[in-house]
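Throughout, protein chains are lettered first and strands after them, A, B, ... in sequence-line order, and every chain is numbered starting at 1.
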Amino acid sequence: MTSSDIRTRFLKFFEARNHRIVPSSSLVPANDPTLLFSNAGMNQFKDVFLGNERRDYSRATTSQKCVRAGGKHNDLEQVGRTTRHHTFFEMLGNFSFGDYFKKEVIPWAWELITREFAIPSEKLYVTIFEGKSTPPDDIPRDDEAYECWRALGVPADRIFALGMKDNFWQMGETGPCGPCSEIHYDMGIAASDQGHTDCKFPCDCGRYVELWNLVFMQFNRDEQGVMTPLPKPSIDTGAGLERLAAVLQGKLSNFETDLFRPLIEEAAALANVEYGANHDADVSLRIIADHARSATFLISDGVLPSNEGRGYVLRLIMRRALYHGQTLGLNEPFLYKISSRVVDMMKDAYPELVQTAPHVAKAIKIEEEKYAQTTRIGIEKLNEAHVVLDSGEVTDFATWMTRPPSGRRQLTDTTAPAAPSTLGYIRGDDLFTLHDTFGLRPDFVEDMVKNYGLTVDRDGYEAEMQKQRERARASWKGAEKKIASPLFLKLAEDGKSVFDGYTQTKSTNCKIAALVVNGQAVGDVQAGAKVEIVLDHTPFYAESGGQVGDTGRFVAPGTDHEVAHVQETYQPVSGLIVHKAVAREGLRMGDVVTAVVDAERRDATRRNHTATHLLHAALRKTLGTHVKQAGSLVAPDRLRFDFTHYTGLGEQDLLDVEDLVNQHVLANEEMQTQVMDLDAAVNTGAMALFGEKYGDHVRVVSVGDGSYSRELCGGTHVRRTGDIGLFKIVSEGSVAAGTRRIEALTGTGVLDQLRRQTKSLAQASEALHAKPGELIEAIAKLSESEKKFRKEVDAQQMKNAASAAGDLVQQVREIKGVRVLVARVEVTDRSAMRQMIDDLRGKIQSGVIVLGSVAEGRVSLIAAVTKDLTAKLDAGKIVKQAATYVEGSGGGRKDLAEAGGKNPSKLDEALQALPGIIEQML
RNA sequence: GGGCGCGUAGCUCAGUUGGGAGAGCGCGGCGUUCGCAACGCUGAGGUCGAGGGUUCGAAUCCCUUCGCGUCCA
């Protein structure tokens with residue numbers, strides 16, 4: 001039975017039992033920021049189980065994409081070395097949301113396994129929960145499940161009761177939880193990792209594998225740890241497709257199934273090796289196959305390799321695969337080819353792969369090229385690493401490599417493959433730096449140096465790594481999240497404020513529901529007080545979704561008399577709108593005011609918000625659907641939009657995006673907003689933002705008919721796109737690897753910028769006496785003639801210096817047998833002076849030369865001592881002493897030194913003193 | 001979020017108490033050659049990422065900032 005058949009038949013089996021076949025959710029959890037990647041079928045139903053969300057079905061079945069890598073249970077290192085660890089896998093499952101329970105699910109599971117999949121029941125074992133009575137827990141043994149299994153004819157000696165660790169499931173410290181029941185399969189003695197021949201269930205040697213876990217959610221655990229039965233218990237089950245496939249295809253290893261074997265073959269063919277011929281190579285091939293699957297699905301779901309978060313885990317996975325490719329001799333990009341094979345194999349079950357395939361291939365190839373570059377630089381750095389020899393001698397790797405083989409080779413000549421003794425090792429701190437700073441993996445270094453009779457100091461490496469971990473952890477503590485003040489939490493409970501500002505900027509009859517001064521609730525405030533005000537309803541938009549909060553004022557009803565000036569509006573707790581204001585009059589609880597938003601500011605903000613949506617859509621159309629919003633700021637004067645993309649945008653890309661946005665602005669399309677429930681919204685193709693939490697009912701904002709842009713959004717927008725006026729990108733840059741940032745202007749912002757630029761252009765052309773249209777030409781001309789002029793001056797100065805030098809030679813005198821030349825020269829350029837002093841040095845052969853000059857109010861001194869005299873005389877000291885006369889200082893080498901000073905009037909004095917200074921030194 | 005590293009000629013990179021901006025490759029010219037490669041001579045090419053500070057003087061030291069790389073969380 002092919003894996004594709006298994007998947008289909010599983011889903012169809014439950015569909016025939018009134019389950020809705022629900023598509024796999026994205027590997028990036030949509031509504032759970034605590035989770036790195038989707039790792040179980042129930043992830044997408046978490047809120048349904050918690051009762052926070054309702055669906056229009058109560059039974060579901062899925063084949064869920066899962067990734068387990070990074071985080072706590074990190075068995076990344078195991079992948080490829082065992083038969084059953086993977087970073088990417090598929091979880092088949094069926095779910096009951098307060099509908100059926102144990103009596104239904106157990107017989108179905110048994111039927112599916114033993115009839116539909118025809119697995120012989122004598123090879124199966126089942127487990128139930130044994131109960132726990134140690135306080136605070138008091139959970140009975142799951143006799144109900146036991147009876148269900150017995151009723152199906154499962155012999156009593158095949159049912160095992162296990163404890164909390166294996167057979168009790170909980171979502172978190174609190175919340176839904178319950179016992180589980182598992183079906184295990186006996187793979188036979190050949191599957192035992194430890195060569196067992198007669199071990200009994202539940203031995204964990206690999207012989208008995210868990211096929212299916214049935215979770216019975218029947219309790220709710222509170223903060224005290226007390227469990228109360230849920231009124232409507234639920235079911236959550238999970239069966240790993242890879243293991244089912246291995247069992248049904250009669251393979252001992254998941255890697256032997258049709259899910260992996262074609263990928264392994266592909267990699268083997270590319271590397272020109274044979275699978276099964278060499279243990280290490282086989283491990284590498286399996287790792288490549290596994291990681292190619294993860295990389296393909298993660299990138300398809302919008303993750304890009306990066307230096308933090310999810311993207312970093314992806315990069316780790318990819319680089320592991322690439323490293324193993326290197327060990328197989330694959331030095332050209334290869335992973336993207338295997339990835340395209342993954343797409344072919346999986347596209348029927350996961351159609352989204354087809355659409356993203358070109359992008360996935362490109363992203364992988366780019367990462368492969370980056371990795372090659374990183375490795376190349378790392379290897380250069382490896383040359384500088386310290387090598388500690390067993391003799392105690394320390395050298396560096398490059399030197400070590402150049403030693404004649406007799407100095408090091410005797411060990412590597414031995415053909416014994418696992419000779420543990422070596423001649424020395426790479427120091428741990430260097431090994432760490434190579435990895436930490438240059439990305440060269442310790443394994444890789446070990447492989448590199450092995451052939452030169454060296455090993456690596458893993459302990460030293462680990463010690464450094466531990467320090468790094470502690471540093472990261474220590475700094476993390478300081479960044480604890482601010483907890484909302486209890487006062488605001490209570491106010492929100494008492495009643496949330498209604499926002500009525502989507503269609504108006506002025507609301508009448510707003511009652512003051514709370515006044516807060518310095519975090520304390522008060523009954524009234526005096527004029528002039530700084531106060532936070534909560535109204536029962538308000539047109540003020542509180543900062544959210546990247547859009548800044550409104551400012552404005554409260555006025556007395558029916559008048560234009562300001563009673564409070566609102567400087568900021570924010571949401572300390574979801575649903576509670578708080579106005580930060582200065583009271584102009586005394587205010588008290590229960591007062592009624594008219595709330596008036598600064599409409600001009602709001603209009604500017606609206607333009608930018610709608611433009612952000614148009615920009616988002618334009619980026620996806622232009623660059624590809626991998627573009628995802630990664631952050632956004634909507635302010636009155638500008639908009640900033642962060643999004644995922646693997647490389648910088650070209651000039652043409654930016655123009656295309658700008659054009660597309662403006663095309664929609666000029667089409668003056670009507671904006672539509674609708675409130676609907678989340679499922680319906682997602683079904684119409686609305687873009688939900690990564691990491692955002694949405695309620696049952698969401699607001700959908702569409703441009704025109706929604707075919708171009710449709711997003712879930714709570715912000716304020718223009719009525720028609722034409723209101724935006726004009727859209728202009730002002731900058732594009734990066735915020736993190738794989739994340740780009742665009743800043744743009746709209747409406748009056750564009751006009752303001754245009755005016756500023758026009759003005760500076762006019763000023764520039766006035767300064768250059770050129771027409772604006774000819775500015776570029778004029779600048780080019782100017783810079784060229786300036787360059788030419790400078791060169792001529794330089795050349796002239798050099799020439800002058802040379803001829804002056806000729807004259808100066810006449811002034812040489814002798815002090816204690818040393819030829820000394822001290823002179824004031826009219827050369828302003830430092831390099832000309834150096835040229836001059838060089839000429840003089842050549843002419844006098846042996847001696848001391850000191851030149852002084854004045855340029856731009858500053859003194860320049862330069863001194864030279866010919867090589868034969870540097871033992872007796874130090875140009876640095878000479879020039880330093882002379883500089884004291886002109887209020888300066890200096891220094892340099894023994895043969896050439898420079899100094900500067902601030903007092904030109906004293907230069908002659910300094911020059912007169914010099915012969916004396918030199919004489920003293922001799 | 002925290003740390004480390006890098007940014008110098010078209011490319012790859014050197015540049016150590018702060019004191020003359022360099023090499024190799026590539027490019028242009030000339031020579032050698034029937035021609036090419038190679039070789040020899042020669043030349044052009046630089047806001048030392050940007051901004052600020054310290055200093056008589058900064059590629060070099062300090063701060064800020066931008067871009068890139070890398071590790072940890």
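- Protein atom NZ of A:K880 is 11 Å distant from nucleotide atom C1' of B:U17, rounded to whole Å.
- Distance check on atom C1': B:C48 versus B:G2 gives 30 Å, rounded to whole Å.
- At least one donor-acceptor pair under 3.5 Å links the side chain of A:R819 to the backbone N or O of A:I844.
- Across all strands shown, B:U60 forms no Watson-Crick or G-U wobble pair with both distances under 3.5 Å.
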In B/S/- notation (B base, S sugar-phosphate only, - none; protein heavy atoms under 4.0 Å), nucleotides 49-58 of chain B written 5' to 3' is -------B--
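- Within 4.0 Å of A:G892, counting heavy atoms only, lies at least one base atom of the nucleic acid.
- Between A:E898 and A:K880 no salt bridge is recorded (no basic side-chain N to carboxylate O distance below 4.0 Å).
- Taking atom CD of residue A:E380 and atom P of nucleotide B:G24, one finds them 18 Å apart after rounding to whole Å.
- Residue A:L434 contributes atom CG, which lies 19 Å from atom P of B:G69 at whole-angstrom precision.
- Under the Watson-Crick and G-U wobble criteria, each requiring two contacts below 3.5 Å, nucleotide B:G69 is paired to B:C4.
- The residue among A:Y461 and A:Q373 whose nearest nucleotide of RNA chain B lies closer to the 5′ end is A:Q373.
- A sub-4.0 Å separation between OP1 or OP2 of B:G69 and a side-chain N or O of A:T374 is absent.
- Separating the CD1 atom of A:I377 from the P atom of B:C13 is a distance of 6 Å, rounded to the nearest angstrom.
- Within 4.0 Å of A:R319, counting heavy atoms only, lie sugar-phosphate atoms of the nucleic acid but no base atom.
- One atom, CZ of A:R376, and another, P of B:C11, lie 13 Å apart when rounded to the nearest Å.
- A cation-pi arrangement is absent between A:K906 and A:Y885, since the terminal nitrogen or guanidinium carbon is not both under 6.0 Å from the aromatic centre and inside a 45° cone about the axis.
- Applying the Watson-Crick and G-U wobble criteria (two distances, each under 3.5 Å), B:G28 pairs with B:U42.
- A:D429 pairs by the salt bridge (Lys or Arg N to Asp or Glu O under 4.0 Å) definition with A:R427, not counting sequence neighbours.
- At a threshold of 4.0 Å, the pair A:R319-A:E367 counts as salt-bridged, since one of the basic side-chain nitrogens sits closer than that to a carboxylate oxygen.
- The CZ-P distance, from A:R320 to B:U70, rounds to 17 Å in whole Å.
- B:G31 and B:G46 are spaced 29 Å apart, taking the C1' atom of each and rounding to whole Å.
- Spacing of P atoms, B:G22 relative to B:A9, comes out at 14 Å, to the nearest Å.
- Taking the C1' atoms as reference points, B:G19 lies 36 Å from B:G29, given to the whole Å.
- The same atom, P, is picked in B:A21 and in B:C6; the two are 23 Å apart, to the nearest Å.
- Taking a cutoff of 4.0 Å between a charged side-chain nitrogen and a carboxylate oxygen, A:E464 and A:K467 qualify as a salt bridge.
- Of the side-chain N and O atoms in A:R315, one or more sit less than 4.0 angstrom from OP1 or OP2 of B:U70.
- Spacing of P atoms, B:C41 relative to B:G24, comes out at 11 Å, to the nearest Å.
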Could you walk me through whether A:R458 and A:D443 pass the salt bridge (Lys or Arg N to Asp or Glu O under 4.0 Å) test, one step at a time?
CA-CA 10 Å; A:R458 290 248 174 203; A:D443 307 356; 3.2 Å; yes
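- With both ends at atom C1', the span from B:U8 to B:U47 equals 12 Å, rounded to whole Å.
- The closest side-chain donor-acceptor pair between A:N331 and A:Q326, if any, does not fall under 3.5 angstrom.
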Going through the distances and angles, do A:E446 and A:K450 end up as a salt bridge (Lys or Arg N to Asp or Glu O under 4.0 Å)?
CA-CA 6 Å; A:E446 192 170 27; A:K450 199 164 59 185; over 6 Å; no
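- Relative to the ring axis of A:F643, A:R740 does not place its NZ or CZ within 45° and under 6.0 Å from the centre.
- B:C25 and B:U33 have their P atoms separated by 24 Å, with the value rounded to a whole Å.
- Going from atom CD of A:E367 over to atom P of B:C68 covers 14 Å, rounded to whole Å.
- Counting all heavy atoms, side chain and backbone alike, A:L335 lies closest to A:I288 at CD1-CG2, 4.1 Å.
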Expected rows: protein N/O vs nucleotides 3-6 of chain B N/O, under 3.5 Å:
| from | atom 1 | to | atom 2 | distance (Å) |
| --- | --- | --- | --- | --- |
| B:G3 | N2 | A:D436 | O | 3.4 |
| B:G3 | N2 | A:D436 | OD1 | 2.9 |
| B:G3 | N2 | A:D436 | OD2 | 2.7 |
| B:C4 | O2' | A:T437 | OG1 | 2.9 |

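- Base pairing annotation: B:C13 forms a Watson-Crick or G-U wobble pair with B:G22, both donor-acceptor distances under 3.5 Å.
- For A:E369 and B:G69, the CD to P distance is 13 Å, given to the nearest whole Å.
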